[in-house]
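Each remark here refers to the structure printed beneath this line.
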Amino acid sequence: MTADLVRPDHLLGAHPTTENGVEGVRFAVWAPNARYVSVVGDFNGWNGFDNVMERLEFGFWGAFVPAARHGQRYKFRVTGQDGRTVDKADPYGRFFETRPNTSSIVWDQPFDWTDAAWMEKRAQGFAEAVSIYECHAPSWQKGDDGWFLNYRDLAHRLGEYVTDMGYTHVELLGVMEHPFDGSWGYQVTGYYAPTSRMGSPEDFKYLVDHLHGLGIGVLVDWVPGHFPTDEFALASFDGAPLYEYADPRKGFHFDWNTYIFDYGRNEVVMFLIGSALKWLQDFHVDGLRVDAVASMLYLDFSRTDWVPNVHGGRENLEAIAFLKRLNEVAHHMAPGCMMVAEESTAFPGVTAPTPFGLGFDYKWAMGWMNDTLAYFEEDPLWRKYDHHKLTFFNVYRTTENFMLAISHDEVVHLKESAVMKMPGDWYMKRAGYRAFLATMWSTPGKKLLFMGQEFAQSTEWNYAESLPWFMADQPDHRGVMNLVRRLNALYRERPDWHKGDLEDEGMLWVAADDTETSVYAYVRRDPRGSAWSLIVANLTPVYREAYPVGVPQAGEYRLLLSTDDLDFGGFGTVQGDLTATDEGWQGQTGLLRLNLPPHGVLVLEPAATVLSEER
């Protein structure tokens, strides 16, 4: 399979065309085990005998239907080897009925893109500063009638908001067609179609086009690891396992009640890679966040009864080969796209180039997320015993190209929202959460924060409701919003905060062992420039006056940020003289004494940006 043959949707599915001077629709489907296939729909009164499909080579079926037109509903009526007949939605369908209906819709509409400059720039590679606003599109906001916003309405509201908040990208989940709202869009039945809940494919293209016009990149969540058991969709498509592994020890996720794609089958690999390219090429999406990669990599993932690979190991060699091929083709066919893996194990080389690595651009830092949240959730009285949960990431942070993600998974299923994970009363929770955000943004790695967490949403995310936007108008929540906006500005503007993620010099510890006070101090540096900044975090509710911190050089310093500022909802702790003496301290050449607010983080830079050679 070459890169030129990975758009099977150009041949399969429903394609309005003209044959022998007659207008109609050419239908094609892959169903090698079927005894009989016909196409039924609005054009033939759903009669299975009017448009019988012809069996072609390699298990494909085709038919030209003169009566069919754009906008009409259809399905494939498939009779399997077992004699059962089931009406199936088109695996390559471009548009679907709104749930609970499940028919595919013939769709072929033009769209006038206006983002040529953006796409040309994208092909040259994405920026080093990547701050992503993860958004469940159906529940970010709803209309006054309680129904979903149209993609076009979402484009303007979301575009204005993320621009104001200073994000560089949005990541959309819940936008590929799925039958059940409660799956959040992760049990996909339409791998080539935006969900009709929010409009047409052209409406979705408008959303992407508009965001590009504002300078905002767009990623979507993509699920090649499993698919639902709904009879109308991919499951047992032609009366037998087809898209899924036949052996349930390889082909079924018992935890999720879903089927696993058969990555050893060329047609299945083509189906998935074609879907990826559909979004990257036709919808101009800038990247894919690939869901549940760990479940694909391991044959024993969440199971006790499993089949070893040919070498007797637990790795799914076919899935590994598929992921490598996916990333090679995606980067070749959609230059500059961003491929992100949600991978929760220590599998080596997730972001290393193929053929030796998997070829992703980024990997979610699940270890950082678990350690950091566990630390901040702990009573400050006991944090000194887990002090190095916050330093451990620096041991391995250069082994992969990491993305620091606080995603939707962390704020559902009774896990509480991010701010409510913090211990103490409401003020302490907000102070602790502001400190958490500041450490996250100042730690090497790209950023991702789930919607609602930027204004300290105090309730858990509910996919069935709009975000509680009334909170964002309240001073306590508005302060956290102001902080996130400021952190995004610092992150984008300061090269020391977004360069050097993969280099040891990008982050240097000044104080990593003060377990008794739970104070941390570190320097962020641009390894190839002069910019650097000092971050000091006091992670207990104790105010510390004139706390000594070693700095790389003596002289004047300026305060860039304090999470205790009044604008952020803090007390406004006042700093004294920000002049570092030339006394050596903590292995550094200078000494600076700071007033550390409770549960506070300070960010400083030298007035003269000349870094001492001694560091």
Side-chain angles (χ1 to χ4, degrees), residues 131-175 181-182 184-185 195 197-199 203-204 206-207 210-211 214 216 218-219 221 405-422 426-427 429-431 433-434 436-437 440-441 447-489 567-570:
S131 180
I132 301 173
Y133 185 65
E134 189 192 26
C135 175
H136 179 254
S139 66
W140 183 72
Q141 280 187 6
K142 292 186 182 294
D144 294 337
D145 57 356
W147 188 247
F148 306 103
L149 292 179
N150 183 276
Y151 292 117
R152 294 175 185 260
D153 294 329
L154 179 66
H156 292 274
R157 298 189 192 188
L158 182 61
E160 180 180 355
Y161 183 71
V162 297
T163 300
D164 175 66
M165 292 299 295
Y167 289 97
T168 65
H169 294 72
V170 296
E171 179 182 316
L172 301 172
L173 59 100
V175 295
D181 293 0
W184 313 335
T195 177
R197 291 167 175 82
M198 304 182 69
D203 294 333
F204 181 80
Y206 181 91
L207 166 63
H210 182 75
L211 291 176
L214 296 175
I216 303 295
V218 181
L219 290 81
D221 279 18
I406 300 299
S407 74
H408 61 280
D409 281 329
E410 312 316 318
V411 296
V412 292
H413 299 322
L414 303 180
K415 295 179 184 177
E416 298 185 299
S417 66
V419 69
M420 298 306 288
K421 295 176 188 292
M422 306 295 139
W426 176 232
Y427 178 83
K429 286 181 183 294
R430 288 184 292 116
Y433 184 50
R434 293 195 303 267
F436 167 80
L437 291 170
M440 173 180 173
W441 254 258
K447 321 300 175 190
L448 179 143
L449 189 65
F450 184 58
M451 66 182 196
Q453 310 318 299
E454 78 281 6
F455 60 78
Q457 177 180 344
S458 57
T459 53
E460 281 195 337
W461 170 53
N462 183 347
Y463 71 87
E465 299 177 359
S466 173
L467 288 182
W469 287 104
F470 66 91
M471 292 183 184
D473 293 327
Q474 298 172 0
D476 287 355
H477 298 272
R478 178 68 65 174
V480 176
M481 284 183 73
N482 291 339
L483 174 64
V484 172
R485 187 183 294 109
R486 177 61 177 150
L487 288 170
N488 271 330
D567 284 347
F568 306 145

About how many Å separate [atom2] of [Y] and [atom1] of [X], when rounded to the nearest 0.5 Å?
X    : Y    : atom1 : atom2 : result
L219 : C135 : CG    : SG    : 12.5 Å
S458 : Q474 : OG    : CD    : 8.0 Å
M481 : F568 : CE    : CZ    : 13.0 Å
D203 : M198 : CG    : CE    : 10.0 Å

Problem set entry | Parallel, tilted or perpendicular: rings of F455 and H477 (30°, 60°) | perpendicular
Problem set entry | Parallel, tilted or perpendicular, as decided by the 30° and 60° cut-offs, for the rings of W469 and W140 | perpendicular
For this session: Evaluate the criterion side chain to side chain contact (heavy atoms under 4.5 Å, CB included) for residue pair I216 and Y133; output intermediate values, then yes/no.
Result: CA-CA 10 Å; I216 303 295; Y133 185 65; over 6 Å; no
Minimum side-chain heavy-atom gap [X]-[Y] below 4.5 Å:
X    : Y    : answer
L448 : S407 : yes
K447 : L487 : no
K142 : F148 : yes
E134 : L173 : yes
F436 : V419 : no
E160 : T163 : no
Y167 : L449 : yes
L483 : W441 : no

Exercise. Given D476, which of R430, R434, K429 fulfils the salt bridge (charged side-chain N to carboxylate O under 4.0 Å, His left out) condition?
Worked result: R430
For this session: Please step through salt bridge (charged side-chain N to carboxylate O under 4.0 Å, His left out) for the pair D567 and R486, ending with a clear verdict.
Result: CA-CA 10 Å; D567 284 347; R486 177 61 177 150; over 6 Å; no
Looking at every non-hydrogen atom in both residues, tell me the closest pair between [X] and [Y] and how far apart they are.
X    : Y    : answer
P138 : G174 : CG-O, 3.7 Å
V162 : V170 : CG1-CG1, 3.6 Å
L154 : A137 : CD2-CB, 3.9 Å
Q457 : M471 : CA-SD, 4.0 Å
Y433 : A418 : CE1-CB, 3.5 Å

Whether [X] side chain and [Y] backbone form a donor-acceptor pair below 3.5 Å:
X    : Y    : value
K421 : K415 : yes
N488 : M165 : yes
E410 : H408 : no

For this session: Applying side chain to side chain contact (heavy atoms under 4.5 Å, CB included), run through V480 and L437 and close with a yes or a no.
Result: CA-CA 9 Å; V480 176; L437 291 170; 3.9 Å; yes
Exercise. Is it the case that more than 12 heavy atoms not belonging to D145 sit under 6.0 Å from its CG atom?
Worked result: yes
Exercise. So does E460 have more than 12 non-hydrogen atoms from other groups sitting under 6.0 Å from CD?
Worked result: yes
For this session: Give the intermediate values and the outcome of side chain to side chain contact (heavy atoms under 4.5 Å, CB included) for residues L207 and L172.
Result: CA-CA 11 Å; L207 166 63; L172 301 172; 3.8 Å; yes
Problem set entry | side chain to side chain donor-acceptor pair (under 3.5 Å) between E454 and Y161, worked out | CA-CA 11 Å; E454 78 281 6; Y161 183 71; 2.6 Å; yes
For this session: Could you go through the side chain to side chain contact (heavy atoms under 4.5 Å, CB included) check for W184 and D221 one step at a time?
Result: CA-CA 11 Å; W184 313 335; D221 279 18; over 6 Å; no
Problem set entry | Residue list, side-chain contact (heavy atoms from CB on, under 4.5 Å) with V411, at least two apart or on another chain | F450, Q453, W461
